[in-house]
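Each remark here refers to the structure printed beneath this line.
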Amino acid sequence: METTNQIKHRGPHPGILALIFAVLFITGLSFVITFTAGAPHFPNPADAPQTIVSYFQNHPHDALMCSFFQFVSFVPLGLYTMTMSSRLRFLWNKAVGPFIALFGGLVTAVNMALTALLIWVMAYPGIAQDASVIRALYYMAFAMGGVGYSVPMGLLIAGIAVSAGFMKLLPKWVVIFGIVIAVFGEISCLSLIFPKMIAFIPLTRFPGFIWLAIAGFMLPNSIVKKS
């Protein structure tokens, strides 16, 4: 007599990991981003050099808190990446997609950690007094936390979305949404040459938070095995 057994994938819940990642990252941003006109905020590359330097001279605590929360956020992202890649393989996806997701997610997590540590250095007492050092560290941090985040994040999302799409593991709208975000992520690399295309970085980052959570909650975690 044929019987069926449901086998579950063992590991942390990726949807919860995605939410923890988003909350920690956004908490870090809350210290350096403001929507009030004229209020101090984390500088962007187009700002005058003195504006960049003076921010870290006058607001080291805000930069320090941002660096702390964004550093610890790389842990749930790394765990999410490994869990989703493992789950896709568990669901019998033998294509390269899970490995693309694994590569993209781990590069994103490493770049996030390095960015946070660079910001910590900039917030350290005495460092901001050297304008040339601060500017060099700032542009390194912005590059790693900008395109260094959005491009590999696009690979993470694409690896999951395309793999799940071929196997019909996620609804079609989730797959399409993910592919659009992934395309934005890859396009964002052009901002290194054309600064006005920098908008593709937040278009990858913030919708990406939502997509990672949706995919984490909706991707099946079990298979049925007949015996």
Side-chain angles (χ1 to χ4, degrees), residues 2-22 25 73-114 144 146-192 200-227:
E2 187 178 83
T3 60
T4 59
N5 296 312
Q6 188 178 52
I7 304 175
K8 288 190 174 183
H9 178 257
R10 296 182 179 181
H13 195 300
I16 294 175
L17 289 172
L19 291 178
I20 295 172
F21 162 59
F25 193 95
S73 72
F74 97 93
V75 176
L77 177 61
L79 294 176
Y80 174 94
T81 297
M82 292 184 286
T83 301
M84 291 294 274
S85 176
S86 173
R87 184 172 293 186
L88 286 169
R89 299 288 292 174
F90 172 79
L91 295 169
W92 296 102
N93 187 306
K94 302 299 183 183
V96 73
F99 294 105
I100 293 175
L102 181 65
F103 170 73
L106 292 181
V107 171
T108 306
V110 169
N111 282 351
M112 281 176 51
L114 293 175
M144 287 184 183
V147 292
Y149 175 102
S150 56
V151 172
M153 175 59 73
L155 294 178
L156 167 62
I157 293 175
I160 297 171
V162 174
S163 298
F166 277 124
M167 298 183 69
K168 297 182 174 15
L169 298 173
L170 290 173
K172 189 174 182 179
W173 69 269
V174 177
V175 174
I176 294 173
F177 182 27
I179 292 173
V180 170
I181 297 172
V183 170
F184 285 166
E186 303 319 298
I187 291 175
S188 70
C189 72
L190 294 175
S191 65
L192 293 171
F200 283 99
I201 296 174
L203 286 175
T204 304
R205 190 188 308 276
F206 296 107
F209 290 146
I210 299 171
W211 192 90
L212 292 177
I214 292 172
F217 280 106
M218 297 188 73
L219 189 70
N221 70 339
S222 63
I223 58 174
V224 175
K225 187 175 182 180
K226 295 181 179 180
S227 59

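Atoms considered below: every heavy atom in the structure, side chains included; atoms not considered: hydrogens, waters and symmetry mates. The shown structure was predicted, so the numbers you read here are calculated from the model rather than taken from an experiment. Numbers for residues simply follow the sequence, beginning at 1.
Using a 4.5 Å heavy-atom threshold, the side chains of Leu79 and Phe21 count as separate. The shortest distance between side-chain heavy atoms of Trp211 and Val180 does not fall below 4.5 Å. Residues Leu88 and Leu169 have side chains in contact (heavy-atom distance under 4.5 Å, counting atoms from C-beta outward).
Note that CG of Leu77 is 6.5 Å distant from CG of Leu156, once rounded to the nearest 0.5 Å. To the nearest 0.5 angstrom, Leu102 atom CG is 10.0 Å from Ile160 atom CD1. Asn93 CG to Ser163 OG: the interatomic distance, rounded to the nearest 0.5 Å, is 4.5 Å. Atom CD1 of residue Ile201 and atom CE of residue Met153 lie 13.0 Å apart, to the nearest 0.5 angstrom.
Ring centroid separation for the pair Phe25 and Phe209 comes in under the 6.0 Å cut-off.
With hydrogens and angles ignored, the 3.5 Å screen pairs a side-chain donor or acceptor of Arg87 with a backbone N or O of Leu219. Of the possible donor and acceptor atoms, none in the side chain of Ser86 sits under 3.5 Å from a partner among the backbone N and O of Met82. Side-chain N or O atoms of Thr83 include none that pairs as donor or acceptor with a backbone N or O of Gly11 at under 3.5 Å. Between the Ser85 side chain and the Thr81 main chain, no donor and acceptor come within less than 3.5 Å of each other.
Minimum interatomic distance between Ala182 and Gly154 (heavy atoms only, all atoms of both residues): CB-O, 3.3 Å. Here the closest non-hydrogen pair linking Gly216 and His13 is O-CE1, 3.8 Å. Residues Leu91 and Ser222 come closest through the heavy atom pair CD2-O, 3.7 Å. Gly185 approaches Val151 most closely through the heavy-atom pair O-CG2, 3.4 Å. For Ala95 against Arg89, the heavy-atom pair with the smallest separation is O-NH1, 3.7 Å. Of all heavy-atom pairs between Val147 and Cys189, the closest is CG1-CA, 4.0 Å.
Counting heavy atoms of neighbouring residues, nucleotides and ligands inside a 6.0 Å radius, atom CZ of Phe217 exceeds 12 of them. Taking a 6.0 Å sphere around NZ of Lys94, one finds it holds more than 12 heavy atoms contributed by other residues, nucleotides or ligands.
Counted by atom type alone, Ser150 and Ser188 present one or more donor-acceptor pairs between their side chains at under 3.5 Å.
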